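Heads up: numbering here begins at 1 and tracks the sequence. Worth saying up front: this structure is predicted, and the values here are computed from it rather than measured. FYI, side chains are in, hydrogens and waters are out, and symmetry mates aren't considered; it's all heavy atoms of this structure.
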Amino acid sequence: MALDMRKDGRIGCAYYVAMEETLFIEEDTPLGGLEVASTLIMRVQPTTIMIPNRAPQDLVLLLEKDAEGFNDQGGSYILRHLTAAEFDYDGAKESLITTEDPGEDMVDCLGSSLHNKLMRLGETINLSSYASIGCAGTVLSDLDRRRAVQDSEFYAEPGTSFQIKELAMNTPMSILQISADALVSLQIVRSELRPDYQVSNSLESKTKQVLSLCGLLQALACTAEGKTRLRQMMFLPTTDIALIHERHRTIKLILHPGNKDMMGNIRMLLRKIGNIKTPLTHIRKIVDRIRGQLSIRIENYKKVLQFSMICTQLREALLPLSHGSGREVFSRIYNTVDSDRLLAVGERILQTFDFQLSKENGRTEILPGASEELDRYKEKHTSIYDTRPRVREAIVSNAPGWASRHIRDCIMFPGQGFLIEVTLDEKTGEGVYRGEECMGGPWEMIFVKDDSVYYKNQLMRQLDDEWGDPAADVAGKSSTVYELSRTIISEEATINRASKLFGELDSLFALALAAEKYGWVKPEMTALNIIDIKDGRHPLQEFLVPSFIPNDCVMAGGPSEPDDIREADVSASKEEAKGPSFLVLTGPNNSGKSIYMKQIALIVYLAHIGSYVPASRATIGITDRILTRIATWETMMADESAFCIDLKQAAFTVNFATRRSLILTDEFGKGTTWHAGTGILAGDVAYFFGLGEYRPKMLIGTHFHELHDYGVLPPGNGLEYAHLDVRLDPGAEELEDQITYLYKLVPGPGGESLGILCAELMGVEGEVLERAEYFLKLLKSNFDIVEVLRKRSEDEVEEEEKLRKAENVYQRFEKETQVAEEVVEAEEELEREEVMKEVDDVGMEDW
């Protein structure tokens with residue numbers, strides 16, 4: 001993957017997918033910045049990233065976060081810094097032309113071959129995406145280098161061919177763009193573990209499964225190509241309403257009760273299709289390899305045979321579905337898959353390999369008649385096998401009697417010819433018998449293996465000259481497998497085309513199974529700029545709870561352009577303005593605001609990949625972007641505070657939102673003071689509100705009740721307030737019974753956030769809660785909290801008085817204790833003086 005970020009924030013990108021042998025080129029994204037770079041990396045999942053050495057420092061820091069060699073946990077990819085010249089636009093354009101049709105002169109004039117190629121290239125590639133075209137040239141140069149290394153004598157094993165079979169460009173105009181923050185925040189790609197409440201068995205319900213939308217749907221696909229195709233659909237949701245309708249019609253046909261048996265048979269056949277790309281890669285190596293020998297893996301040919309047979313059966317199974325309206329996908333597969341050519345490949349494989357004998361012998365066996373040359377070699381090899389016992393008898397007859405039991409056999413070894421096998425003498429490391437006392441003198445030792453030593457004498461050399469090395473001839477000279485491989489690779493395009501088409505079918509089967517298993521319904525797609533959802537559910541959250549409370553949503557962005565409205569929507573266009581453009585959600589913590597916002601975005605997203613949605617009814621207008629400010633994604637950006645990251649994500653929405661965008665903002669401004677947070681959030685909403693007919697659809701979750709209470713963002717004119725309902729019972733004995741979350745959307749602003757009650761439910765200490773309640777009351781009474789903190793409470797004054805009295809008592813006690821000690825010392829001193837005086841008066845001796 002090559003990535004280029006210009007000084008003005010423009011992002012260019014190109015990447016090569018080895019398994020598909022396709023070079024993908026992104027259109028340049030103006031003002032993309034780090035957010036677009038993060039999204040591209042998450043979508044592509046590259047193994048190598050190349051950037052120019054002039055890349056901005058913030059991009060370098062972003063990429064180094066997960067690069068190998070820059071952290072102790074390893075890395076997700078290799079980061080390479082290249083010269084800016086390797087991202088040159090003109091050189092890249094010439095490389096792209098050469099890739100399409102190599103070997104012609106580069107003469108650019110009107111009507112010239114080069115001019116015609118440029119015209120053809122411009123039909124599929126936007127040549128004005130200068131940054132991305134330069135990135136494509138970088139990728140092409142890297143592929144040339146990899147191919148050169150692969151063909152060198154130092155490269156021993158074959159790997160990826162690094163060929164380019166197709167050029168493709170991802171056009172933002174036909175894609176619902178979704179930011180990296182949204183992909184993670186909405187759990188489209190994030191992996192977590194979840195208990196599965198959908199399984200009735202109590203033991204199975206305790207098992208943990210991957211909780212991400214991508215993982216949820218990919219688990220229902222049964223082929224590697226289907227999982228890949230499904231992932232592409234999820235990372236590139238479409239705004240092409242015709243394509244969405246086509247997918248919806250296909251899902252409807254799959255789920256039709258009358259087609260149950262037929263679809264079950266198709267699903268069973270799809271499960272038998274393996275990943276055909278890997279065996280094709282190995283087979284192509286046999287064709288492309290110039291030097292050396294490659295081991296023949298018969299399993300690769302067996303997989304191609306199975307693939308051709310299953311594809312033929314699948315095509316026949318689709319015949320009843322290939323005609324009629326609403327059956328475009330089935331008809332396209334039936335008419336495109338060339339079963340005759342696939343069967344010809346399978347028949348050629350069947351005529352070449354003896355799979356049963358190969359399995360029994362543990363080596364590749366070619367069928368008789370597949371090659372006259374091989375048949376001659378096999379006949380020769382059989383004759384040699386029959387000759388070996390007689391040769392051993394001749395050797396033994398010329399050797400001493402004691403040596404006969406040590407001459408084990410005469411063998412034919414590939415690459416070495418005829419050899420005499422002799423028992424190993426462990427003391428000397430040579431054979432027990434080495435040809436002494438035998439005509440021709442001592443034998444020549446060739447090699448030692450296990451407990452045998454292999455020798456060559458004059459007789460063995462004569463046999464080599466007479467018979468040659470048939471085993472080596474069979475392995476090295478036969479062209480049977482090579483010709484078969486050429487036949488298969490000549491039909492590679494046919495095979496890959498079938499693989500992609502059945503992968504597409506498998507991905508749609510996965511969406512249909514999800515709709516059937518989870519109770520999803522077909523959304524009505526419209527060009528009108530609206531969202532109208534009845535009984536919507538969160539596709540992931542409902543797995544985490546025994547029962548999920550559905551909710552409605554009605555929103556409308558700025559009016560659609562006249563060209564956007566189809567004839568079928570004309571009658572509905574008068575009602576397009578119904579519903580707010582801005583819905584502000586307030587209310588208690590843990591009431592479900594974030595889940596509600598995410599479920600709306602996920603329903604819109606699922607509709608744009610052509611899937612059914614978790615609701616009882618839904619009408620979804622074409623949406624061009626889903627932008628979120630939910631998760632503070634600090635792991636992807638270096639040395640920035642949470643509030644700074646929030647501001648960058650908010651700025652990204654301002655730069656990229658259009659009237660058809662859906663914006664989610666959850667608890668924005670919590671990283672600063674409530675005054676500043678309220679002001680910035682109000683300014684952000686007011687900016688979009690001021691766009692008038694160009695306003696987007698915006699869901700805002702916040703605890704800044706001042707937005708409504710102080711009239712900062714008054715309801716009306718396309719802005720409404722709502723909350724998720726709760727029931728309070730302060731008199732309940734049990735703490736858990738004092739608040740009941742109903743998770744039902746109710747119009748109007750919510751009450752208090754109930755943060756202290758939530759903290760109590762979470763087990764916060766009572767003393768802390770009492771103090772918090774005290775300060776909350778002061779704040780509600782408009783007291784200056786700073787002045788309050790400076791003043792001492794009555795309890796604090798009383799406590800201080802107790803401490804003062806206790807200190808006085810202690811000081812008196814210490815003073816009295818000191819006086820008592822002084823009195824005792826004085827009395828003892830006086831006693832000593834009286835004793836000494838008595839001694840002086842009487843005399844020491846008399847005393």
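- With salt bridges taken as basic N to acidic carboxylate O contacts below 4.0 Å, none links Glu20 and Lys277.
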If you apply the rule salt bridge (charged side-chain N to carboxylate O under 4.0 Å, His left out), what do you find for Glu246 with Arg327, and how did you get there?
CA-CA 8 Å; Glu246 178 184 286; Arg327 306 186 176 196; over 6 Å; no
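- Taking Arg348 as the reference, nothing meets the salt bridge (charged side-chain N to carboxylate O under 4.0 Å, His left out) condition, with sequence neighbours excluded.
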Candidate pair Arg695 and Ser581, rule side chain to side chain donor-acceptor pair (under 3.5 Å), full reasoning
CA-CA 7 Å; Arg695 65 187 181 273; Ser581 297; 2.6 Å; yes
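- With a 6.0 Å radius and a threshold of 12 heavy atoms from other residues, nucleotides or ligands, Gln351 has its CD atom above the threshold.
- Of all heavy-atom pairs spanning Ser358 and Ile298, the tightest one is OG-CD1, 3.4 Å.
- Two residues are said to be in side-chain contact when any heavy atoms from C-beta on lie closer than 4.5 Å; Thr628 and Ile663 fail this criterion.
- Closest approach of Met169 to Asn126, counting heavy atoms only: SD-N, 2.9 Å.
- Of all non-hydrogen atoms in Ala527 and Ile241, the two that sit nearest each other are N-CD1, 4.2 Å.
- Residues Thr740 and Leu742 are in side-chain contact: their nearest non-hydrogen atoms beyond the backbone lie under 4.5 Å apart.
- A salt bridge links Glu21 with Arg284: the distance from a Lys NZ or Arg NE/NH1/NH2 to an Asp or Glu carboxylate oxygen falls below 4.0 Å.
- The closest side-chain heavy-atom distance from Ile533 to Ile620 is below 4.5 Å.
- Under the 4.5 Å side-chain criterion, counting only non-hydrogen atoms from C-beta, Phe235 is not in contact with Leu230.
- A salt bridge between Arg617 and Asp532 is present, with a side-chain N of the basic residue lying under 4.0 Å from a carboxylate O of the acidic one.
- Shortest non-hydrogen contact noted between Pro523 and Tyr612 is CD-CA, 4.0 Å.
- Counting non-hydrogen atoms of other residues, nucleotides and ligands closer than 6.0 Å to CD of Glu516 gives a total of 12 or fewer.
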Begin from the C-alpha positions of Asp506 and Arg267 and carry the test salt bridge (charged side-chain N to carboxylate O under 4.0 Å, His left out) through to its verdict.
CA-CA 8 Å; Asp506 185 34; Arg267 176 76 172 171; 3.4 Å; yes
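- Leu501 places a side-chain heavy atom less than 4.5 Å from the side chain of Val337.
- Arg497 and Asp338 are not joined by a salt bridge, as no carboxylate oxygen comes within less than 4.0 angstrom of a charged side-chain nitrogen.
- Closest heavy-atom contact between Ala168 and Thr22: CB-CG2, 4.3 Å.
- Within 6.0 Å of the NZ atom in Lys302, the count of heavy atoms belonging to other residues, nucleotides or ligands does not exceed 12.
- In this structure, a donor-acceptor pair under 3.5 Å is absent between the side chains of Thr228 and Glu225.
- The shortest side-chain heavy-atom distance between Met698 and Met555 does not fall under the 4.5 Å cut-off.
- Between Phe24 and Tyr15, the ring-plane angle classifies as parallel under the 30° and 60° cut-offs.
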Take Thr658 and Asp624, measure what side chain to side chain donor-acceptor pair (under 3.5 Å) needs, and give me the verdict at the end.
CA-CA 8 Å; Thr658 71; Asp624 63 358; 2.4 Å; yes
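- For the pair Arg537 and Phe548, the cation-pi test (distance below 6.0 Å, angle within 45°) is failed.
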What verdict does the salt bridge (charged side-chain N to carboxylate O under 4.0 Å, His left out) test give for Glu299 and Lys359, after you've listed the backbone C-alpha separation in whole Å, the side-chain angles of each residue and the deciding distance to 0.1 Å?
CA-CA 10 Å; Glu299 285 300 317; Lys359 182 178 180 181; over 6 Å; no
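- For Lys260, the NZ atom is loosely surrounded, since the number of other residues' heavy atoms within 6.0 Å does not exceed 12.
- Summarising the geometry of Cys311 relative to Ile273, their closest heavy-atom pair is SG-CD1, 4.5 Å, with the distance given to 0.1 Å.
- A 4.5 Å side-chain heavy-atom check between Ile530 and Lys697 finds every atom pair outside the cut-off.
- Side-chain contact between Asp725 and Tyr743: absent, with no pair of heavy atoms (C-beta onward) separated by less than 4.5 Å.
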Report the C-alpha distance between Glu328 and Ser331 in whole Å, list the side-chain angles of each, state the deciding distance to 0.1 Å, and finish with yes or no for side chain to side chain donor-acceptor pair (under 3.5 Å).
CA-CA 5 Å; Glu328 298 88 347; Ser331 179; over 6 Å; no
Evaluation steps, side chain to side chain donor-acceptor pair (under 3.5 Å), between Thr623 and Tyr605:
CA-CA 9 Å; Thr623 304; Tyr605 169 82; over 6 Å; no
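- Looking at Gln232 and Arg43, their side chains never bring a donor and an acceptor atom within 3.5 Å of each other.
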Can Asp552 and Lys534 be said to form a salt bridge (charged side-chain N to carboxylate O under 4.0 Å, His left out), step by step?
CA-CA 5 Å; Asp552 304 341; Lys534 180 69 174 177; 3.4 Å; yes
